Structure formats: C-alpha cells, structure tokens
K.L.:
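Have a look at this one before I ask anything.
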Amino acid sequence: MLPGFLKARWTVNEIVSSLAMNFIMIAVLGYLLNGPMQSDFANLPQSDSLPANSSVPKIFDGTRAHMGVYIALMAIPLLILLDKSIIGYRLRVFYANQNLSRRANVNPGAYTIWMFVLAGTGAGLAGWMQVAAIDHRLYPGIAEPIGYAGLFVVFLGALHPVGIVLAAFALGALMHGGGSLQVGAGVSAEIVQVFLGVVLIVYAVMPRASGSSADGRK
C-alpha cells in the first residue's frame with residue numbers, strides 16, 4: 001500500500017519505492033529472526049518449524065509441486081474476467097490516458113493504490129506458500145531469488161495471465177535446473193542469471209525501438 005500511495009500522491013517511481021521497502025522489510029525480518037522469532041533449536045536466524053497440520057499438501061509425493069499450482073491456475077480465469085469487466089475497461093483507459101480516465105469518472109489515485117494492494121497480496125500469498133509448502137520455516141533469504149524472478153516472469157509473459165503462468169513454469173524449471181546444468185551439460189549455473197539479464201535488457205530496449213520506428217513512419 002505504501003508504494004502505491006507514494007505513486008498516487010507524488011508520482012514516486014514504483015520500482016524504486018518497492019525496492020526501498022524490500023530493504024526495510026529484510027532488516028525488520030532479520031531483527032525478528034535474531035530475536036523474538038528465533039528458533040531455540042539452533043543459534044541461527046530462523047524460526048521454529050511449522051506444525052505439520054499447517055503445511056500446504058503436495059500434489060505428487062517426492063516432488064516440490066504443491067496445491068499452490070492450482071491457486072495459480074485458478075487466477076487465470078479470474079484475471080481474464082477482471083480484464084473483461086468494467087473495472088478492467090477503466091484500468092485500460094487509465095493506463096492509456098490518465099486525463100481521459102478522469103473524464104470517465106476514474107479516480108487515478110484510488111485505482112493505483114488498490115492495484116498495488118492487490119499485487120502485494122499476490123506476492124504475500126506466494127511467500128506464504130513458499131514457507132508452508134517448501135521450507136516449513138522462515139529465514140532471511142527465503143525469497144531469494146524468487147521475489148525478483150517474478151519481475152522477469154511478468155516480462156516474459158507479456159503482461160497476460162496465460163503468458164505469465166507459462167513463463168513462470170518455464171523460468172521455474174530453468175532456475176531449479178540451473179544447478180544441474182553444470183553437472184549434466186558442463187554449462188556454468190550462472191548462465192541462468194545471464195539469461196535473466198538479457199531478458200531485462202531486451203524488454204527495456206523494445207519499447208524504445210517500437211517508438212522510434214513509429215516516429216519514422218510519421
């Protein structure tokens with residue numbers, strides 16, 4: 001909510017404010033895991049293990065696939081319905097032209113904050129599933145590199161619900177199998193990070209290229 005408010009009130013860049021919030025929350029989490037939430041089992045910055053009855057069930061035994069996959073798949077039709085609804089239409093108008101959206105009785109500030117809250121809720125849900133289904137305890141680096149990988153998933157998925165889910169599966173397989181590349185194919189595991197960097201660069205360059213070509217046609 002806070003980055004959304006900063007964006008709506010003072011047009012603060014959402015990437016910068018979100019990254020700043022990450023550093024703040026990592027510091028808060030470090031304090032909690034070295035203090036009130038620290039496990040008595042070992043002198044490490046981590047919490048106690050979750051109770052067995054609080055774990056998210058696995059889909060297939062012996063794998064990391066859990067019920068969160070179904071939650072992700074259920075989000076596809078919900079997001080498509082949202083896109084086809086009046087709210088989705090207003091969001092597209094807001095994205096295309098904020099001045100026009102005001103004439104259509106769209107409150108840019110309110111929509112900005114609520115969209116940030118919705119996105120943050122999804123990120124929190126993903127973090128909970130990582131704890132409750134995979135690690136079963138909380139520690140400082142639990143979201144590495146999952147949190148930042150979400151940014152690349154959105155780029156690869158072309159901002160479409162179906163594309164995002166497909167990109168998430170592909171990138172998840174790539175990141176999880178990165179360690180095996182060095183053993184099986186003789187390729188350095190760091191090639192995954194290189195690939196992510198290339199994706200980000202290509203995405204950053206594409207709008208400029210399309211914009212310049214459009215200017216040329218004019």
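Nothing here was measured: the structure is a model prediction, and the numbers come from that model. Keep in mind that the numbers below use all heavy atoms, side chains included, and drop hydrogens, waters and symmetry copies.
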K.L.:
Assess, by modelled atom type and distance only, whether the side chains of Arg137 and Ser47 contain a donor and an acceptor separated by less than 3.5 Å.
P.N.:
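Absent: no donor and acceptor within the cut-off.
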K.L.:
Can you confirm whether Leu33 sits close enough to Leu29 that some side-chain heavy atom of one is under 4.5 Å from a side-chain heavy atom of the other?
P.N.:
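A side-chain contact under 4.5 Å exists here.
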K.L.:
Using every non-hydrogen atom in the two residues, find where Trp128 and Val56 come nearest and quote the distance to one decimal.
P.N.:
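Taking Trp128 first and Val56 second, the nearest heavy atoms are CH2-CG2, 3.7 Å.
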K.L.:
Could you see if Ile76 belongs to whatever hydrophobic cluster contains Leu118? Use Ile, Leu, Val, Met, Phe, Trp, Tyr and a side-chain cutoff under 4.5 Å.
P.N.:
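Not linked; separate clusters.
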K.L.:
Quick one: are Leu2 and Phe116 in side-chain contact, heavy atoms under 4.5 Å?
P.N.:
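Of all side-chain heavy-atom pairs linking Phe116 with Leu2, none is under 4.5 Å.
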K.L.:
Has the side chain of Thr112 got a donor or acceptor atom that lies under 3.5 Å from a matching backbone atom of Pro108?
P.N.:
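Confirmed, Thr112 side chain pairs with Pro108 backbone.
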K.L.:
Are more than 12 heavy atoms from other residues, nucleotides or ligands located less than 6.0 Å from atom CG of Leu78?
P.N.:
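Enclosed.
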K.L.:
Kindly indicate whether the side chain of Ile26, heavy atoms from C-beta on, has any atom under 4.5 Å from the side chain of Pro140.
P.N.:
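No, every pair of side-chain atoms sits at 4.5 Å or beyond.
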K.L.:
One pair to check against side chain to side chain contact (heavy atoms under 4.5 Å, CB included): Thr63 and Lys58. What are the steps and the verdict?
P.N.:
CA-CA 8 Å; Thr63 69; Lys58 296 290 180 64; 5.5 Å; no
K.L.:
Could you work out, with side-chain hydrogen bond (donor to acceptor under 3.5 Å, both in side chains) as the rule, every residue matching Asp61, not counting sequence neighbours?
P.N.:
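Testing Asp61 for side-chain hydrogen bond (donor to acceptor under 3.5 Å, both in side chains), a comparison that skips the adjacent residues, returns none.
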K.L.:
Quick one: are His66 and Met129 in side-chain contact, heavy atoms under 4.5 Å?
P.N.:
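Counting from C-beta outward, His66 and Met129 do come under 4.5 Å.
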K.L.:
With a 4.5 Å cut-off on side-chain heavy-atom distances among I, L, V, M, F, W and Y, is there a chain of contacts connecting Tyr95 to Ile87?
P.N.:
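No, it is not one cluster - the side chains of Tyr95 and Ile87 are not joined through contacts under 4.5 Å.
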K.L.:
Using a 4.5 Å cut-off on heavy atoms from C-beta on, say whether the side chain of Val131 contacts that of Leu50.
P.N.:
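Answer yes - side chains close enough.
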K.L.:
Not counting sequence neighbours, list each pair that qualifies as a salt bridge (Lys or Arg N to Asp or Glu O under 4.0 Å) and has a residue in residues 80-99.
P.N.:
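Residue pairs passing salt bridge (Lys or Arg N to Asp or Glu O under 4.0 Å), neighbours aside: Asp83-Arg92.
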K.L.:
When clusters are formed by joining ILVMFWY residues with side-chain heavy atoms under 4.5 Å apart, either directly or through shared neighbours, do Trp114 and Leu6 land in the same one?
P.N.:
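Same cluster.
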K.L.:
Can Leu32 and Leu138 be said to form a side chain to side chain contact (heavy atoms under 4.5 Å, CB included), step by step?
P.N.:
CA-CA 10 Å; Leu32 293 174; Leu138 188 61; over 6 Å; no
K.L.:
More than 12 heavy atoms of other residues, nucleotides or ligands under 6.0 Å from CD1 of Ile80: yes or no?
P.N.:
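Yes, CD1 of Ile80 has more than 12 neighbouring heavy atoms, counting only those of other groups under 6.0 Å.
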K.L.:
How long is the span from the CG atom in Asn34 to the CG atom in Asn43, to the nearest 0.5 Å?
P.N.:
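Rounded to the nearest 0.5 Å, the CG-CG separation comes to 8.5 Å.
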K.L.:
Take Leu44 and Gln38 through the test side chain to side chain contact (heavy atoms under 4.5 Å, CB included) and record every step on the way to the result.
P.N.:
CA-CA 7 Å; Leu44 296 172; Gln38 187 174 22; 5.5 Å; no
K.L.:
Taking atom types as modelled, find out whether Asp135 and Tyr139 have a side-chain donor-acceptor pair closer than 3.5 angstrom.
P.N.:
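Yes, because at least one side-chain N or O of Asp135 sits under 3.5 Å from a partner of the opposite role on Tyr139.
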K.L.:
Of all the heavy-atom pairs spanning Val165 and Ala72, show the shortest one and how long it is.
P.N.:
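Distance-wise, the nearest heavy atoms are CG2-O, 4.2 Å.
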K.L.:
Group every Ile, Leu, Val, Met, Phe, Trp and Tyr by side-chain heavy-atom contacts under 4.5 Å, then state whether Met25 and Val16 land in the same group.
P.N.:
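In one cluster: no.
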K.L.:
Would Ser18 and Ile15 satisfy side chain to side chain contact (heavy atoms under 4.5 Å, CB included), going step by step from the backbone distance to the final call?
P.N.:
CA-CA 5 Å; Ser18 298; Ile15 296 179; 5.9 Å; no
K.L.:
Quick check: closest heavy atoms across Ser17 and Pro3, and the distance to 0.1 Å?
P.N.:
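Reported closest heavy-atom pair: OG-CB, 3.4 Å.
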K.L.:
Does Ser49 reach the side chain of Phe41, with side-chain heavy atoms less than 4.5 Å apart?
P.N.:
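Contact flag for Ser49/Phe41 side chains = no.
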K.L.:
Which atom pair, heavy atoms only, marks the closest approach of Ala149 to Leu171?
P.N.:
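Closest approach of Ala149 to Leu171, heavy atoms only: O-CD2, 3.8 Å.
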K.L.:
Is it possible for you to say whether Phe169 and Phe152 belong to one hydrophobic cluster, with membership spreading through side-chain heavy-atom contacts below 4.5 Å?
P.N.:
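Phe169 does not cluster with Phe152.
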K.L.:
Find the distance between CG (Leu19) and CG (Leu151) and round it off to the nearest 0.5 Å.
P.N.:
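It comes to 8.5 Å.
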K.L.:
If I compare all heavy atoms of Leu156 with all of Ala167, which pair ends up nearest, and what's the gap?
P.N.:
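Between these two residues, the closest heavy atoms are CB-CB, 3.7 Å.
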K.L.:
Taking salt bridge (Lys or Arg N to Asp or Glu O under 4.0 Å) as the cut-off, I'd like each qualifying pair that reaches into residues 14-28, sequence neighbours left out, listed once.
P.N.:
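Qualifying pairs, neighbours excluded: Lys7-Glu14.
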K.L.:
Could you label the plane-to-plane angle of the Tyr111 and Phe94 rings as parallel, tilted or perpendicular, counting under 30° as parallel and over 60° as perpendicular?
P.N.:
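Ring orientation of Tyr111 relative to Phe94: tilted.
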K.L.:
Below 4.5 Å, heavy atoms only, C-beta onward: do Val69 and Leu73 meet side chain to side chain?
P.N.:
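In contact.
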